[in-house]
2 protein chains.
Amino acid sequence: VIRLHRIGEALRSAGELIEDPPVERVDVDNALQRYSARKVVSPIDLPPRPKAVMDGYAVRHVDVEDASQASPAVLKILSGVVRPGADTCVRVGAEEAVRIETGGFIPEGADAVVPVEETEEMEGRLLVFSPVGRFANVSLPGEELRKGARILEKGARIRPWHVAALVACGYSRVDVFKLGAAVIATGDEFLKAGYFAPFTLQLVEGVLAEWGFELLKARILADDVDAIENCVRETLPQAYVTLVLGGSSMGSRDYSVKAVERLSPKYMVHGFALRPGKTACLAVKDGRIVMVMSGLPVAALAVLENVLRPLLEKVVGLELPRRTRVKARLARRVTVKAGLRGFVRVRVYRERGGLAAEPLMVGGSGSLGSLLEGNGFLIVPEDVEGFEEGEEVEVELHGRVG
Amino acid sequence: VIRLHRIGEALRSAGELIEDPPVERVDVDNALQRYSARKVVSPIDLPPRPKAVMDGYAVRHVDVEDASQASPAVLKILSGVVRPGADTCVRVGAEEAVRIETGGFIPEGADAVVPVEETEEMEGRLLVFSPVGRFANVSLPGEELRKGARILEKGARIRPWHVAALVACGYSRVDVFKLGAAVIATGDEFLKAGYFAPFTLQLVEGVLAEWGFELLKARILADDVDAIENCVRETLPQAYVTLVLGGSSMGSRDYSVKAVERLSPKYMVHGFALRPGKTACLAVKDGRIVMVMSGLPVAALAVLENVLRPLLEKVVGLELPRRTRVKARLARRVTVKAGLRGFVRVRVYRERGGLAAEPLMVGGSGSLGSLLEGNGFLIVPEDVEGFEEGEEVEVELHGRVG
């Protein structure tokens, strides 16, 4: 009897041995879509001083509090214009005003900005036709970004607004995780020129690239335990994640699993309660992740999504790109053997009153077509045998709903 | 009175003049996350011939239909092993079997594979302990990918499974849209060394990069209509989208809008019914998109998400990366002036029974902090004035729910 391991248990055990990825410092301009290695907070208030958010006149609000169309306030206009980025020594006194552009720092004495539309210049005097409150049209220190505000948590994916905030705070570099990955395809058949294209390699590399990994040059090896072992030993120092495709059989053709065994990993399981994808092997060596999985595309994807993704998200704490989840009515019954997690490809389509999901195949490790025809994944958890036709299920979309 | 344009109307008018982006042919290995310029279908059936999906023995299913544990079928074992990628001239006759590995093509005569677990070799004979149906453990031609099946639609974002399918079909190159983008920041203040960092530039460039655009070198210009006009003229041949930040004012400081006007675009609107972001300008010149928008970060993001995104998705037909949508209970009332679309930053958090969304700010063009503190966007459509506290709303998530 072959014991299949529950994913949750394996993740807990492996999780205790997996270390954080190495850290590298990169230019802020190259940080987009990387994962922050530390918490970063704002060292400053933005704006640093009160700032105009409209074009108009800086005034004391008490001087215009009774202004109206019929009886405008009349102020003396000081010379000059307060522009963003220009320091000014203007001081606004009682019944005085000075022109200010959006972004200019409010000069001393003033506490509000009257929008230009509410005013008229007449013979060197400013007529103000409506009152403004204290700090009206003024952005106060910290209003745009507060000193001490969190910019990044450890593990957060760096998005455009994070880059903008880092730049605004004057950071030019940021510490990110260095996520190297190596993918090794195995199979004698791939070494025969022009015969088979190991396309699962491209699939797996593509998923890792979308997750933000930097890929080492892919290797294609024969079904040879020594060669596979040596190759994994070589990639380990550079790769936080090493994935071997093929040679994961639960039977005799488990070259890659044997190769990983020879590394004497601190933790290793072979065989997951997952369909497709049950032949996967997960090992932790030197605090890093080594996996073997089927060379068949759908089985490999099932392992990436159901084993590697939660490992990176929940154990390592990386904020991987997530897919949109939608609720849909199941168009046909789906069952998976109890105790196994099912990774079902579905096609979600619009129907009156909402969305429906048509299951395409439960098994079908090799059915690339089910990924192209479908646009979503439905997970059948270990503790249910499936879902009934008509039941509402949650689907992760990976493509457009036609 | 300044007329603010409804987004939908502007998109329809602009849409008639916008042309498809230019097309370039790239290696399949560099196609990930690009947008397909054409429909691509599979030219072949995969597998091309019936293929074993288990390790076992290729047999005629009629020879084992009465097999049982107590009374196994006994077959003659032909010499050799059928391996994937190896052509074989074996022919399986009545009451014969030949070893076959996963992925090997089913030899002539055979029509099923008996898994190795259901067999025993004994004195050169094969004992089979259970029956298999016709084509059991066999993948038939087209089962993995059918000839004529759609691999890519025009405008589809190329994902890992598409790359895998292209490779599997023998395609080495693919036609994708060439999406150049130029971002030009304007503002005298940015030219004073060390004074202001035009961080909205990084925000906008980051969003475009995430959408798959290739960015030309950013330019920072003074508030000078001539300089801006010349710069846009220069970028137009290389950039499908040119965005100018700043100088979009509805008042006198509309340098960038004037510069775009001078290009004599076939279509141009200035002023959108959008808050924040109302000062945006959209033009179509030579079938390409030219926009001016506020230099304030939240206003710029509102324009990207509410004007440029639907233009690219619905008019050009690109499958941009989408955000997860969730339903949440609104923690506080939100109102936006009727007729305007509101782009509200919210913080989504877990509460008993589901999710809640706290609005952070309705206006706040400059509030970078509202993007960092928040994790989602709530759109208030033009035809509603807002949402009540406690109402269920749909939020687009851009960060993790804590």
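A, B, ... follow the sequence lines: proteins, then strands. Residue 1 opens every chain.
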Contacting moiety of [X], where chain A heavy atoms sit under 4.5 Å:
X        : answer
B/Arg150 : both
B/Ala168 : both
B/Ser42  : neither
B/Leu166 : neither

Side-chain heavy-atom pair [X], [Y] within 4.5 angstrom cut-off:
X        : Y        : result
A/Pro50  : A/Phe105 : no
B/Thr200 : B/Leu296 : no
A/Leu355 : A/Val401 : yes

*asked:* What I want to check is whether the side chains of B/Tyr57 and B/Glu118 have a donor and an acceptor closer together than 3.5 Å.
replied: no
_Does either side chain, that of B/Asp254 or that of B/Ser249, offer a donor lying less than 3.5 Å from an acceptor on the other one?_
no
Ignoring hydrogens and geometry, is there a side-chain-to-backbone donor-acceptor pair from [X] to [Y] under 3.5 Å?
X        : Y        : answer
B/Thr186 : B/Ala222 : no
B/Asn375 : B/Val348 : yes
B/Asn137 : B/Met54  : no

Among [options], single out the residue with the greatest number of heavy-atom pairs under 4.5 Å to chain A.
options                                : result
B/Arg157, B/Gln202, B/Glu143, B/Glu144 : B/Glu144
B/Val204, B/Asp188, B/Val116, B/Asp55  : B/Asp55
B/Pro160, B/Gly206, B/Gly295           : B/Pro160
B/Ala164, B/Gly369, B/Gly142, B/Gly187 : B/Ala164

*Would you list the pairs meeting salt bridge (charged side-chain N to carboxylate O under 4.0 Å, His left out) in which at least one residue belongs to residues 367-376 of chain A, sequence neighbours left out?*
none
Between [options], which residue shows the highest count of heavy-atom pairs closer than 4.5 Å to chain B?
options                                : answer
A/Ala149, A/Pro297, A/Gly399, A/Ala165 : A/Ala165
A/His162, A/Arg253, A/His398           : A/Arg253
A/Glu396, A/Arg83, A/Arg159            : A/Arg159
A/Val53, A/Val163, A/Thr102, A/Val326  : A/Thr102

_CZ/A/Arg347: more than 12 non-hydrogen atoms of other groups inside 6.0 Å_ = yes
*Does the pair B/Phe377 and B/Val395 meet the rule for a side chain to side chain contact (heavy atoms under 4.5 Å, CB included), with working shown?*
CA-CA 6 Å; B/Phe377 303 125; B/Val395 173; 5.8 Å; no
_Engaged part of A/Leu397 at the chain B interface, taking heavy atoms whose separation is under 4.5 Å_ = neither
*Spell out the residues in residues 27-36 of chain A that have some non-hydrogen atom less than 4.5 Å away from a non-hydrogen atom of chain B, in order of number; otherwise answer 'none'.*
A/Asp29, A/Leu32, A/Gln33
*NZ/NE/NH1/NH2 to OD/OE distance under 4.0 Å, A/Glu305 and A/Arg323*: yes
